[in-house]
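I am attaching a structure below and will ask some questions about it afterwards.
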Amino acid sequence: MNRPVAPRAMVVVNGDDIHHDLISAALVFQQIGTEAGFATRRAAGTGRFTEPRPGTADNDVFVFYTSGGQFHPSQQEALADMVNAGKGLVGIHCACIMGLPSDRALYELLGCRYLSHGPGHHEGRHTVEIVPGHPVTDGLGDFELFDEYYEFELADDKITVLARRTRADGVVIPVMYAREVGAGRVVYLALGHDMRAWGEPSFRALVRQAMTWAASL
């Protein structure tokens with residue numbers, strides 16, 4: 001009797017930023033991927049995208065919790081080719097941290113890059129305002145979260161905002177969006193600095209549904 005093959009996901013960590021716990025994040029997001037029904041594995045490093053072996057190439061979606069470190073342009077371009085061909089990419093929080101001209105391919109693929117924490121404190125408890133009408137936010141409502149604030153520069157306007165927050169000065173900041181890149185799908189979620197966010201049911205639901213949508217399931 002043939003059993004249905006579960007969709008596959010890979011959680012990729014990379015970088016040398018001491019402000020983000022890459023090791024714990026790899027395990028947490030692997031667990032969330034499993035909750036979403038994916039056969040999920042953890043991986044470190046980005047060299048796997050150039051001439052990828054089956055363990056990388058056979059995944060339906062990649063979850064990035066990356067921060068700094070080396071991500072060669074050829075590796076970025078190889079990942080972009082995979083997404084353009086139909087793979088999914090979910091970038092979490094620090095995945096948008098990039099500061100080199102050589103990060104152009106990742107910037108254009110993910111759709112944003114980190115600018116700052118914004119005015120005032122760099123973290124705090126705030127309301128995440130859900131934008132309904134998309135599979136990623138289906139069944140979810142606004143929720144409270146203690147997390148680090150991120151503000152970012154968009155590569156273009158080809159995004160669908162899925163969640164946002166309102167700063168103390170009234171400025172509305174997107175915290176999650178979806179975009180299509182070629183035949184593939186990309187989601188970026190600015191939330192998720194550490195365990196204080198990772199354990200929240202609504203946060204985990206957003207990641208699960210982002211993975212499912214990005215994998216075109």
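Numbers here simply count residues along the sequence, with the first being 1.
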| Sidechain-backbone polar pair: His122 side chain, His117 backbone, donor-acceptor under 3.5 Å |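 No, because the side chain of His122 does not come within donor-acceptor range (under 3.5 Å) of the backbone of His117.
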| field | Centroid-centroid distance, Tyr149 to His126, less than 6.0 Å | value |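 Distance test on ring centres: under 6.0 Å, yes.
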| message | What's the separation between atom CG in Asn59 and atom CZ in Arg48, rounded to the nearest 0.5 Å? | response |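 CZ of Arg48 is found 9.5 Å from CG of Asn59.
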| Using 30° and 60° as the class limits, which term best fits the ring planes of Phe71 and Phe64: parallel, tilted or perpendicular? |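 Tilted: the ring planes of Phe71 and Phe64 meet at 30° to 60°.
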| said: Using the rule that Ile, Leu, Val, Met, Phe, Trp and Tyr join whenever any side-chain heavy atoms are under 4.5 Å apart, tell me whether Leu22 and Ile92 fall into a single cluster. | reply: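 Hydrophobic grouping puts Leu22 with Ile92.
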| task | Enter the distance from Leu79:CG to Leu106:CG here, rounded to the nearest 0.5 Å. | result |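 One gets 7.5 Å once the value is rounded to the nearest 0.5 Å.
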| task | State, yes or no, whether a side-chain contact exists between Val136 and Tyr177 at a heavy-atom distance under 4.5 Å. | result |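 Not touching, per the 4.5 Å side-chain cut-off.
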| query | Should Phe38 and Leu217 count as side-chain neighbours, where that means a heavy-atom distance under 4.5 Å? | reply |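 With C-beta onward as the side chain, the pair touches.
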| request: Kindly give the heavy-atom pair with the smallest separation between Val171 and Asp169, and that separation in Å. | output: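 Distance-wise, the nearest heavy atoms are N-OD1, 3.1 Å.
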| field | Asp156 side chain near Arg179 side chain, heavy-atom distance below 4.5 Å | value |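 A side-chain contact under 4.5 Å exists here.
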| query | Say you draw a straight line from CG of Leu154 to SG of Cys112; how long is it, rounded to the nearest 0.5 Å? | reply |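 Taking CG in Leu154 and SG in Cys112, the distance rounds to 6.5 Å.
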| field | Leu110 vs Val186 side-chain heavy atoms within contact, under 4.5 Å | value |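 Side-chain contact under 4.5 Å: yes.
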| said: Is there a side-chain contact between Leu191 and Val128 in this structure, where contact means two heavy atoms from C-beta onward sitting under 4.5 Å apart? | reply: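 They are in side-chain contact.
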| field | Residues Asp58 and Arg53 bridged, charged N to O under 4.0 Å | value |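 The answer is no: the pair does not qualify as a salt bridge.
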| Closest non-hydrogen atom pair, Met10 against Gly55 |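 Shortest heavy-atom separation between Met10 and Gly55 comes out as CE-O, 3.3 Å.
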| message | I'd like to know if Phe143 and Val175 are part of one continuous hydrophobic network [Ile/Leu/Val/Met/Phe/Trp/Tyr, side-chain heavy atoms within less than 4.5 Å]. | response |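 Linked within one cluster.
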| task | Would you indicate whether Glu144, at its atom CD, is surrounded by more than 12 heavy atoms from other residues, nucleotides or ligands within a distance under 6.0 Å? | result |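 Counting neighbours around CD of Glu144, more than 12 heavy atoms of other residues, nucleotides or ligands fall under 6.0 Å, so yes.
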| Would you call Arg204 and Glu35 a salt bridge, taking side-chain N to carboxylate O under 4.0 Å as the test? |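 Salt bridge flag = yes for Glu35 with Arg204.
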| field | Common cluster, Trp213/Val63, ILVMFWY with side-chain heavy-atom separation under 4.5 Å | value |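 Yes, one cluster joins them.
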| Does the side chain of Thr40 come under 3.5 Å of the side chain of Gln30 through a donor N or O and an acceptor N or O? |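 Looking only at side-chain atoms, Gln30 and Thr40 do not form any donor-acceptor pair under 3.5 Å.
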| said: Can a donor-acceptor pair be found, under 3.5 Å and without considering hydrogens, that links the side chain of Trp198 to the backbone of Gly192? | reply: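 Between the backbone of Gly192 and the side chain of Trp198 there is a qualifying donor-acceptor contact (under 3.5 Å).
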| field | Contact summary for Val12 and Gly45, nearest pair of heavy atoms | value |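 For Val12 versus Gly45, the nearest heavy atoms are CG1-O, 3.6 Å.
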| request: Check whether more than 12 heavy atoms from other residues, nucleotides or ligands sit under 6.0 Å from atom CG of Leu27, and answer yes or no. | output: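 Yes - once you tally the heavy atoms of other residues, nucleotides and ligands closer than 6.0 Å, there are more than 12.
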| Is there a chain of hydrophobic side chains (I, L, V, M, F, W, Y, each step under 4.5 Å between heavy atoms) that links Met98 to Leu189? |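 As far as the 4.5 Å side-chain criterion goes, Leu189 and Met98 are not connected within one cluster.
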| task | Side-chain contact test, heavy atoms from C-beta onward, threshold under 4.5 Å: evaluate it for Met82 versus Phe62 and give yes or no. | result |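 In short, these two side chains touch, coming nearer than 4.5 Å.
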| request: Report the C-alpha distance between Thr46 and Gln75 in whole Å, list the side-chain angles of each, state the deciding distance to 0.1 Å, and finish with yes or no for side-chain hydrogen bond (donor to acceptor under 3.5 Å, both in side chains). | output: CA-CA 7 Å; Thr46 53; Gln75 298 166 6; 2.6 Å; yes
| field | Ala57 to Lys87 - nearest heavy-atom pair and separation | value |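 Scanning both residues, the minimum pair turns out to be O-NZ, 2.7 Å.
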| task | Check Ala183 against Ala85 and note the closest heavy-atom contact, atom names and distance. | result |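 Smallest heavy-atom distance, with atoms named: CB-C, 4.0 Å.
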| query | How many angstroms lie between atom CD of Glu200 and atom CE of Met195, to the nearest 0.5 angstrom? | reply |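 Answer for the CD-CE pair, Glu200 versus Met195, is 13.0 Å.
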| said: Assess whether a salt bridge exists between Asp60 and Arg8, defined as any Lys/Arg side-chain N lying under 4.0 Å from an Asp/Glu carboxylate O. | reply: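 No salt bridge links Asp60 with Arg8.
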| task | Could you tell me whether the side chains of Thr66 and Asn14 share a donor-acceptor contact shorter than 3.5 Å? | result |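 Per modelled atom types, Thr66 and Asn14 side chains form no pair under 3.5 Å.
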| task | Please report the C-alpha distance between Glu151 and Ser116 in whole Å, then the side-chain angles of each, then the deciding distance to 0.1 Å, and finally whether the side-chain hydrogen bond (donor to acceptor under 3.5 Å, both in side chains) criterion is met. | result | CA-CA 5 Å; Glu151 297 188 11; Ser116 72; 4.6 Å; no
| message | Using the ring centroid of each side chain, check whether His193 and His19 are separated by less than 6.0 Å. | response |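 No, the ring centres sit 6.0 Å or more apart.
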| By side-chain hydrogen bond (donor to acceptor under 3.5 Å, both in side chains), which residues pair with Arg113, not counting sequence neighbours? |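 Listed in chain order: Glu153.
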| query | For residues Gln76 and Asp103, is any side-chain donor paired with an opposing acceptor at under 3.5 Å? | reply |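 Side chains of Gln76 and Asp103: pair found under 3.5 Å.
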| Just checking, is any N or O donor in the side chain of Glu129 or Thr166 under 3.5 Å from an acceptor N or O on the other one? |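 Their side chains do contain a donor-acceptor pair, which is all the 3.5 Å distance test asks for.
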| task | For the residue pair Val187 and Met176, establish whether any side-chain heavy-atom pair is separated by less than 4.5 Å. | result |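 The answer is yes; the side chains approach within 4.5 Å.
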| request: Determine yes or no for a side-chain-to-main-chain donor-acceptor pair under 3.5 angstrom, with Ser24 supplying the side chain and Asp21 the backbone. | output: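 No.
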| Are Glu108 and Lys158 within salt-bridge range, i.e. N to O under 4.0 Å? |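 Salt bridge flag = no for Lys158 with Glu108.
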| task | Kindly work out whether a path of hydrophobic side-chain contacts (I/L/V/M/F/W/Y, heavy atoms less than 4.5 Å apart) joins Phe29 to Val90. | result |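 Same cluster: Phe29 reaches Val90 through Ile, Leu, Val, Met, Phe, Trp or Tyr contacts under 4.5 Å.
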| said: Give me the atom names and distance for the closest heavy-atom approach of Pro174 to Val161. | reply: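 Distance-wise, the nearest heavy atoms are CB-CG1, 4.1 Å.
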| query | Does some side-chain heavy atom of Ile130 sit less than 4.5 Å from a side-chain heavy atom of Leu206? | reply |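 Answer yes - side chains close enough.
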| request: Report, as yes or no, whether the 6.0 Å neighbourhood of atom CZ on Arg208 holds more than 12 heavy atoms from other residues, nucleotides or ligands. | output: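 Enclosed: over 12 neighbouring heavy atoms sit under 6.0 Å from CZ of Arg208.
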| request: Report the residue from Tyr150, Tyr188, Tyr107 that forms a ring pair (Phe, Tyr, Trp, His ring centres under 6.0 Å) with Tyr114. | output: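 When Tyr150, Tyr188, Tyr107 are each tested with Tyr114, the ring pair (Phe, Tyr, Trp, His ring centres under 6.0 Å) holds only for Tyr150.
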